[in-house]
Amino acid sequence: MEYAAIVLAAGQGKRMKAGMNKQLIDLNGIPLIVHSLRLFEEDEACKAIWLVVSEPERQTMEKLVAEYQIGKVKGLVNGGAERQDSVYAGLKGMEEAEIVLIHDGARPFVAKPILTKLADEAAQSGAAIAAVPVKDTVKLADKNSVARTVERKNLWAAQTPQAFQYELVLAAHEDAKKHGFLGTDDASLVERLDKRVTIVESDYLNIKLTTEEDLLFAETILKKRENQL
Ligand SMILES: Nc1ccn([C@@H]2O[C@H](COP(=O)(O)OP(=O)(O)OP(=O)(O)O)[C@@H](O)[C@H]2O)c(=O)n1
Ligand SMILES: C[C@](O)(CO)[C@H](O)COP(=O)(O)O
């Protein structure tokens with residue numbers, strides 16, 4: 001199923017403590033955001049990429065898109081204070097598409113078959129997310145002590161891409177805006193509309209580069225891939 005991608009890069013990367021937007025950190029000599037954009041540039045089902053950036057970094061991002069020949073980027077959209085605001089700006093700024101995959105620019109390692117599965121599932125059911133079963137035991141805390149242990153067998157860690165029928169995810173964002181709801185992912189906004197969201201099992205390499213330790217994992221993943229070439 002054809003789709004358009006919104007790639008999010010308008011955050012500040014505060015938790016990375018790199019003194020810069022983590023999207024611009026080089027992994028094997030190539031900026032993180034370029035690794036993530038290439039996922040969609042190289043997927044023939046992706047017909048357009050909309051890159052959400054922070055205004056001060058717009059020129060830098062434009063130069064990277066040109067330098068690395070990411071030809072599917074149809075436009076750069078200015079993001080907002082929260083991730084949700086940036087997604088909404090992307091939805092409003094893009095040319096309409098039937099299916100949209102919303103992806104964190106901080107996740108450069110999505111397995112290609114997942115993209116297809118997500119787009120196909122969203123076309124069928126309206127909404128689908130990449131996710132992996134939780135490996136740790138999860139505790140619900142009450143201040144600094146355990147309130148209860150959450151049963152693990154039904155727990156999944158949501159990732160991105162998150163795929164949606166465009167009209168559905170736009171309606172979900174507008175509903176959230178109207179009710180002042182701020183979620184940490186887009187699926188949670190769709191769930192509020194009592195819509196079921198399908199889980200597409202991804203893998204544990206689809207990490208979100210958030211703190212400096214994640215850079216170590218990223219370098220190892222890239223080395224492993226190079227050795228397989
Ligand atoms: N206002 C925001 C916040 C986040 N993002 C993007 O959403 C993705 C996931 O967010 P996160 O990993 O939290 O990135 P940052 O917000 O940059 O990190 P931090 O919270 O550490 O500042 C990232 O690709 C980030 O660039 C965005 O486009 N706009
Ligand atoms: C969307 C997400 O990647 C799913 O796990 C995650 O919620 C993003 O959280 P962040 O704090 O904005 O990185």
Side-chain angles (χ1 to χ4, degrees), residues 5-25 27 31-40 49-58 60-61 64-65 73 75-94 100-110 114-115 118 127-136 138 155-164 169 172-173 176-177 181-192 197-215 217-218:
I6 292 176
V7 178
L8 299 166
Q12 297 173 50
K14 294 192 289 280
R15 287 171 286 177
M16 187 60 78
K17 299 190 175 105
M20 60 191 284
N21 182 352
K22 63 188 177 184
Q23 304 292 337
L24 302 174
I25 293 175
L27 297 177
L32 166 57
I33 186 56
V34 173
H35 286 277
S36 299
L37 289 169
R38 281 178 169 173
L39 294 169
F40 300 100
I49 302 170
W50 301 89
L51 178 57
V52 185
V53 300
S54 67
E55 174 60 31
E57 292 171 351
R58 173 177 278 269
T60 302
M61 294 292 187
L64 287 175
V65 167
V73 171
L76 274 64
V77 178
N78 288 344
E82 302 292 340
R83 180 186 182 281
Q84 186 170 312
D85 302 319
S86 293
V87 174
Y88 186 66
L91 290 169
K92 298 295 283 182
M94 67 184 279
V100 59
L101 267 59
I102 302 169
H103 188 57
D104 298 335
R107 291 183 186 268
F109 301 127
V110 187
I114 297 293
L115 302 177
L118 284 165
I129 61 168
V132 287
V134 167
K135 293 190 270 188
D136 296 321
V138 176
L155 279 183
W156 289 73
Q159 302 172 336
T160 71
Q162 299 195 350
F164 306 93
V169 70
H173 268 264
K177 191 178 272 288
F181 177 80
L182 184 61
T184 52
D185 76 342
D186 302 289
S188 60
L189 278 53
V190 171
E191 293 153 34
R192 282 171 44 86
V197 175
T198 305
I199 289 174
V200 172
E201 186 161 359
S202 174
D203 63 51
Y204 294 103
L205 295 180
N206 183 17
I207 60 172
K208 179 166 67 76
L209 275 62
T210 307
T211 58
E212 58 187 320
E213 298 83 2
D214 298 322
L215 296 175
F217 302 146

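Every heavy atom of this structure was used, including side-chain atoms; hydrogens, water molecules and symmetry mates were not. Atoms within each ligand, like the ligands themselves, are counted from 1 in listed order.
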Practice task
Answer side chain, backbone, both or neither: which part of A81 comes under 4.0 Å from ligand 1, heavy atoms only.
Solution key: backbone
Completion exercise
At under 4.0 Å between heavy atoms, what of A10 touches ligand 1? The answer is both
[X]-ligand 2 polar pair, N/O distance under 3.5 Å:
X: T184; value: yes
X: K208; value: yes
X: R107; value: yes
X: Q159; value: no

Practice task
Check whether any heavy atom of K22 sits under 4.0 Å from an atom of ligand 1.
Solution key: yes
Practice task
Using a strict 4.0 Å threshold on nitrogen-to-oxygen distance, state whether R83 and D185 make a salt bridge.
Solution key: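 D185 and R83: not salt-bridged.
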Exercise for the section: Would you please say whether a donor-acceptor pair under 3.5 Å links the side chains of E57 and S54? Expected result: yes
Exercise for the section: Check each atom of ligand 2 against the heavy atoms of D104 and keep those under 4.0 Å away; list them by number with element. Expected result: 1 (C), 2 (C), 3 (O)
Exercise for the section: For R15, take its heavy atoms, then give the atoms of ligand 2 lying under 4.0 Å from any of them. Expected result: 10 (P), 11 (O), 13 (O)
Fill in the blank from the handout: Of G80, G79, A89, G11, the residue with the heavy atom nearest atom 1 (N) of ligand 1 is G80
Problem - Shortest heavy-atom approach to atom 3 (C) of ligand 1 - which of R107, R83, K208, H103 - result: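 Looking at heavy atoms only, R83 sits closest to atom 3 (C) of ligand 1.
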Handout entry: Close N or O approach (N21, ligand 1; < 3.5 Å)
Key =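 Looking only at distances, the answer is no, because the N/O contact criterion of under 3.5 Å is not met.
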Problem - Heavy-atom gap E82 to ligand 2 smaller than 4.0 Å - result: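 Not so, E82 does not reach ligand 2.
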Problem - Within-4.5 Å side-chain heavy-atom neighbours: L215 and L27 - result: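 SC-SC contact between L215 and L27 confirmed.
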Handout entry: Test item: V77 and L51 side chains (from C-beta on) under 4.5 Å apart, heavy atoms
Key =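 SC-SC contact between V77 and L51 ruled out.
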Exercise for the section: Scan the protein's non-hydrogen atoms and note whether one is under 4.0 Å from atom 5 (N) of ligand 1. Expected result: yes
